Amino acid sequence: MANTTRVVMPQLGESVHEGTISRWLVKPGDKVVEFEPLLEVDTDKVSAEVPSPVTGVLREILAKEGQTVQAGAEIAVVEVGADGKVTGAPESPAPAPEVPSPPRGETTGAPAPKAREVAEPAQATKPAPAAEPEPAPAPSPAHVLEGGEHRYSPAVQMLASELGVDLSKVHGTGMGGRVTKKDVEQYAASAKAAPAPIAQQTAPTPAPSEGDEVVQLTRVRRLIAENMVRSKTTIPHAWQTQEADMSGVVSNRNANKAAFQKQEGFSLTYLPYVMGAAISALREHREVNSTFNETELIIHRDINLGVSVGLEDTLVVPVIRRADSLSIAGLARSVNDVATRARNKKLSADDLAGGTFTVNNSGTFGTLFSYSVINPGQAGILTMEAIVDRPVAVDGMIGIKPMMYLCFSFDHRVLDGLKAARFLTSCRKWLEAVTPELPIY
């Protein structure tokens with residue numbers, strides 16, 4: 001006798017409580033196979049394929065394309081035969097938990113731990129609100145300014161940054177008046193009550209002319225636009241650049257690239273070297289690895305480096321956590337991993353959260369100067385430009401050297417020009433000190 005299983009919207013990240021169905025990959029009556037893609041979902045963090053939790057036949061689609069659905073809400077019904085992997089239709093939440101696991105990989109063994117995380121919200125028939133996230137600060141007590149009062153947990157800080165919420169205006173309902181993630185979410189929801197006046201203040205959009213193509217913005221592109229507007233309207237951007245002699249880096253890469261390609265299976269690029277320079281400078285100038293919070297500066301212990309990855313129609317910034325513990329080869333390996341998963345739509349929302357500083361590589365397209373927009377919640381972004389052979393004066397003589405501009409956009413509330421220049425100088429000096437003999441492992 002066949003049983004039915006109700007598929008639920010997975011929670012695709014710690015702070016992601018809803019997703020928009022961009023495309024169903026199957027239709028009612030089609031056979032679906034466990035762990036094979038069932039639909040595509042867009043969130044404010046990432047686009048991901050959601051696999052089927054069971055093998056069977058799709059009987060009904062409960063949520064249409066374009067519909068935004070809370071995590072844990074039912075989106076489809078699958079009929080599972082007697083030989084299916086799941087039995088007992090009344091226990092519909094059981095298969096649902098396995099939905100969020102595959103974005104991290106395609107294996108069948110990994111989903112089990114994640115299953116228990118989603119099962120509870122599904123039974124409660126409401127999104128996983130993470131209402132009590134306060135245990136998060138316990139393992140990271142250094143996420144506060146030294147000597148400062150621990151008023152907000154890192155999880156609350158991160159969510160407030162994502163939603164553009166001023167924590168000083170949020171009333172805390174937690175123990176001792178502490179602000180919880182639920183408080184931040186409720187404040188953000190109330191602040192969005194009247195978006196219409198903002199739209200009315202914008203310039204009127206001209207009607208499309210004959211022959212014009214109208215392309216609807218995806219949810220991800222709309223949220224990127226909102227994030228960039230929030231960054232430019234809330235962060236006072238300032239900008240500096242310095243020119244670095246990349247002779248040593250070029251020589252080191254040339255000395256290692258053949259062995260690296262053979263051992264790792266992909267090319268060694270210049271990006272890991274610039275990331276290494278940024279990490280060294282962030283250790284020296286700790287306030288650059290921080291978050292501005294109106295009344296305090298949160299200096300982060302870990303260096304979680306965001307790296308810009310360009311996709312066909314958008315750009316994402318996955319985060320390499322504790323990048324300061326990695327060698328140049330380790331950084332290259334991590335960049336290759338997140339870039340590959342980004343292009344294959346295998347990133348989870350958590351892969352894009354928690355960054356404390358960002359490195360951008362627009363120079364791969366030949367740019368010489370870039371004024372990059374800062375990721376909200378961070379104090380700056382470092383951009384490496386194209387490496388170009390240029391004539392330079394060396395000891396009174398003209399020589400040809402591979403030169404590169406380092407561009408640094410920074411939050412002027414956190415850094416003044418002097419501190420920013422010191423950080424940029426440290427990056428440049430690290431790159432110029434690289435020798436062909438420097439080990440990359």
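Everything quoted here is computed from the prediction, not taken from an experiment. Values reported hereafter were calculated over all heavy atoms of this structure, with side chains retained and with hydrogens, waters and symmetry mates removed.
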Counterpart residues, side-chain contact (heavy atoms from CB on, under 4.5 Å), relative to Thr234 (two or more places apart): Arg230

[atom1]-[atom2] distance between [X] and [Y], expressed to the nearest 0.5 angstrom:
X: Glu432; Y: Thr425; atom1: CD; atom2: OG1; result: 10.0 Å
X: Ser280; Y: Met275; atom1: OG; atom2: CE; result: 13.5 Å
X: Ile303; Y: Arg321; atom1: CD1; atom2: CZ; result: 14.0 Å
X: Asn360; Y: Ser372; atom1: CG; atom2: OG; result: 4.5 Å
X: Met9; Y: Ile21; atom1: CE; atom2: CD1; result: 4.5 Å
X: Thr241; Y: Leu406; atom1: OG1; atom2: CG; result: 7.0 Å

Salt bridge present between Asp337 and Arg341 (N-O < 4.0 angstrom): yes

Pairing of Glu49 and Lys345 as salt bridge, 4.0 angstrom limit: no

Over-ring placement of Lys257 relative to Tyr273, 6.0 Å and 45° cut-offs: no

What I'd like to find out is whether the side chain of Val392 reaches to under 4.5 Å of the side chain of Asp245, using heavy atoms alone. no

Answer whether the closest heavy-atom distance between the side chains of Phe410 and Val288 falls below 4.5 Å. no

Between Leu268 and Ile440, does a side-chain contact (heavy atoms from CB on, under 4.5 Å) hold up when you go through it step by step? CA-CA 10 Å; Leu268 177 64; Ile440 64 171; 4.2 Å; yes

